[in-house]
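Each remark here refers to the structure printed beneath this line.
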Amino acid sequence: MMAHGHALSGAVGYLAAAGPLGLPTDGRHMAAGVLLSAGAALAPDLDHPGSTLSRAGGLATQAISALVNAVSGGHRQLTHSALFIAAVAAASTWLSRQSSHRPAAIIAGVLVAAAAPLLARTLPRGLAGATAAGLVPAVWIGHGIDTGTLDTGPWFVTAIAGGVALHLLGDALTPGGIPVLAPLTNERFGIPLFTTGGAIETIVTTVLAAAAVWLALPHLPLPT
């Protein structure tokens, strides 16, 4: 699945799950959770030097991408496994419990900066232009987490781990599949419903965009 579809899947997943999971549903937490989940849904492709997230932070994220690519064994290897989801969940839980929120703020800022321009494609053209850079929401969320005005409670862990899991689900629906049980085995699992960049993926992405807008409407401060 292309980056736009992955980001939308993270956003839709968080919008749909926040209420049932008992996560904060006020506007501030929902906005942060949706954007962070969308960014986390790009994270497994950090193993690819040409991916959106790998290029988001310039030389810094490109260097990290090269390291991840080497350690994970290449694209769609270890970062596309159940072990990676577990590792991300554990790491984000640990980060959320630290007295200093600076590392969590930096990670959240990078993820949001990468995802916001992708989500902006779903907005009307005028609004998309105002948010395409991704810097405003990235700074807002990063600063909020760093200063403690935006807590790092269960919503933070859910957004990151959930976004990563949804990325793997999306890739599992393509012919290449994913090595769910890596490093125990490199056998790939999946259901080939569509090819990356194909017509069916375009339809799926359109449906995700519509679902994102629909699920977000109750949380928008619309006039009554």
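The chain is numbered in sequence order, starting from 1. The basis for the numbers below is simple: all heavy atoms, side chains too, and nothing from hydrogens, waters or symmetry mates.
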Just wondering, do [Y] and [X] contact through their side chains at under 4.5 Å, heavy atoms?
| X | Y | result |
| --- | --- | --- |
| D171 | H6 | yes |
| L168 | I85 | yes |
| L119 | L35 | yes |
| L8 | H4 | yes |
| E187 | V180 | no |
| R28 | W140 | yes |
| Y14 | L166 | no |
| L173 | F194 | yes |

What pairs with R188 under salt bridge (charged side-chain N to carboxylate O under 4.0 Å, His left out), at least two apart in sequence or on another chain?
->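 So R188 forms no salt bridge (charged side-chain N to carboxylate O under 4.0 Å, His left out) with any residue.
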
R102: salt bridge (charged side-chain N to carboxylate O under 4.0 Å, His left out) partners, not counting sequence neighbours |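 Partners of R102 by the salt bridge (charged side-chain N to carboxylate O under 4.0 Å, His left out) criterion, ordered by chain and then number, come out as D146.
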
Distance only, no hydrogens: is a donor on one side chain within 3.5 Å (strictly under) of an acceptor on the other, for [X] and [Y]?
| X | Y | value |
| --- | --- | --- |
| D45 | H48 | no |
| H167 | H80 | yes |
| T79 | D47 | yes |

Counterpart residues, side chain to side chain contact (heavy atoms under 4.5 Å, CB included), relative to H101 (two or more places apart) | I145, T152

OG/S54 to CG/L46 distance, rounded to the nearest 0.5 angstrom?
->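 Interatomic distance, S54 OG to L46 CG, rounded to 0.5 Å: 4.5 Å.
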
Report yes or no: do L53 and M1 belong to one cluster of Ile/Leu/Val/Met/Phe/Trp/Tyr joined by side chain heavy-atom distances under 4.5 Å?
-> yes

Shared ILVMFWY cluster between L67 and L59, side chains joined below 4.5 angstrom?
-> no

